Undergrad: 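Handing you a structure now.
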Amino acid sequence: MLLEVKDLHVYYYTKRGVVRAVEGVSFQLDHAEIMGIVGESGSGKSTLGLAIMNLVPSPGRIVKGSIRLEGKDLTKMSEKELRKVRGKEVAMVFQDPMTSLDPLMRIGDQIVETILAHEDLSKEEARKRALELLEEVGISKDRFNDYPHQLSGGMRQRVMIAMAVSLNPKLIIADEPTTALDVIVQDQIMELFSKLRDEFGVAIILISHDLALELEVSDKIGVMYAGWLVELSSSGELAENPLNPYTRELLKAIPNVELEEQKLVSIPGSPPDLHDPPHGCRFHPRCPDAMQVCYREEPPTKVVDGRLVKCWLYGR
Ligand code: ATP
Ligand code: SF4
């Protein structure tokens, strides 16, 4: 097993009060496995991604739980130890490459710099590796001397992915990596992620609000609602037979391209304010299946046929 997250709690201590952004989240991830994390805005997806790098910004804090990468608990590491893990073992790819790339530096040189900062290689060796990486992610070697603004959004994201894989990490956390890109480029980037998994054995955590996109590439999917992981299933099982009512509603909201006329369904209501989430099950105000107990008590997380589900429909 590559990663084991156990009972993770991440809170933000704001002037308005405590935001319980991630609560009681547990899951495991293997080498060469892609796990999607899906949920509406504010469900805690980005906070979870940052927590795995132990990078939760102030006023946030990991208040409970463990994050073990090949057995080593990242929550217990010093800043010096964490710096070795970040980039080298776990890398991150964000939504907007322009904020992460230096606009005044040629893209090839930026990849070379990343490699030289972590690896004991000569400049020439690093340059050779950077050229190979560009090819791996589908960018012609001729673009090595281009500046970021000379590339399309999709190409810039490919450069970010090349930088992320340049140090051979075991895990890449990609937070909404294709949200700003058109559908065709989105599919190409998903293909690139599949290739990285299959050829390099990289594990990927793909954070997105787009369940259809996640179903394309993920081996398994974790569904988040208001800071909770409410379901964790293989992609096939999740699409065929969702266990949690919230997952079912998310699936209903995916447009079906084969139908000419269809009503676009969205889940009625909106996600709760995490300063003061609803009592009992946090989804109960919007849940078509809510029962008496859902108003009063937090549902337990149960294992059902090897899948995880947090919902009273599956008993105590
Ligand atoms: P989105 O899809 O909109 O990025 P998300 O699912 O990634 O949302 P998070 O960004 O993790 O959700 O936010 C989870 C909760 O934590 C939200 O209620 C948000 O307001 C709160 N939050 C996030 N960052 C901070 C911060 N720096 N300070 C205070 N609260 C924060
Ligand atoms: Fe719906 Fe109750 Fe399950 Fe929550 S616990 S998802 S309210 S049925």
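Counting convention: from 1, in listed order, for ligands and their atoms alike. Atoms considered below: every heavy atom in the structure, side chains included; atoms not considered: hydrogens, waters and symmetry mates. Please read these numbers as outputs of a predicted model, since none were measured by experiment.
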Undergrad: What residues come within 4.0 Å of ligand 1, counting heavy atoms only?
TA: Y12, T14, V19, A21, E40, S41, G42, S43, G44, K45, S46, T47, P59, L274
Undergrad: Report the residues that fulfil side chain to side chain contact (heavy atoms under 4.5 Å, CB included) with D289, sequence neighbours left out, ordered by chain and then residue number.
TA: P245, R248, C287, L313
Undergrad: Between Y246 and R282, is there a cation-pi geometry (under 6.0 Å to ring centre, at most 45° from the normal)?
TA: no
Undergrad: Under a 4.0 Å threshold between the charged nitrogen and the carboxylate oxygen, would E249 count as salt-bridged to K252?
TA: yes
Undergrad: Please determine whether the number of non-hydrogen atoms from other residues, nucleotides or ligands lying under 6.0 Å from atom NE2 of H31 exceeds 12.
TA: yes
Undergrad: According to the side chain to side chain donor-acceptor pair (under 3.5 Å) rule, which pairs have a member within residues 227-236, sequence neighbours left out?
TA: E231-S233, E231-T247, E231-R307, S233-R307, S234-E237
Undergrad: Please check if the number of heavy atoms outside D305 that lie under 6.0 Å from its CG is greater than 12.
TA: no
Undergrad: Tell me, which protein N/O/S atoms are under 2.8 Å away from atom 3 (Fe) of ligand 2?
TA: C311 SG
Undergrad: Taking NZ, NE, NH1 and NH2 as the nitrogens, is one of them in E89 or K84 under 4.0 Å from a carboxylate oxygen of the other?
TA: no
Undergrad: Using side chain to side chain contact (heavy atoms under 4.5 Å, CB included), reason through I52 and L171 one step at a time and then give a plain yes or no.
TA: CA-CA 10 Å; I52 294 168; L171 170 65; 4.3 Å; yes
Undergrad: Under a 4.0 Å threshold between the charged nitrogen and the carboxylate oxygen, would R286 count as salt-bridged to E40?
TA: yes
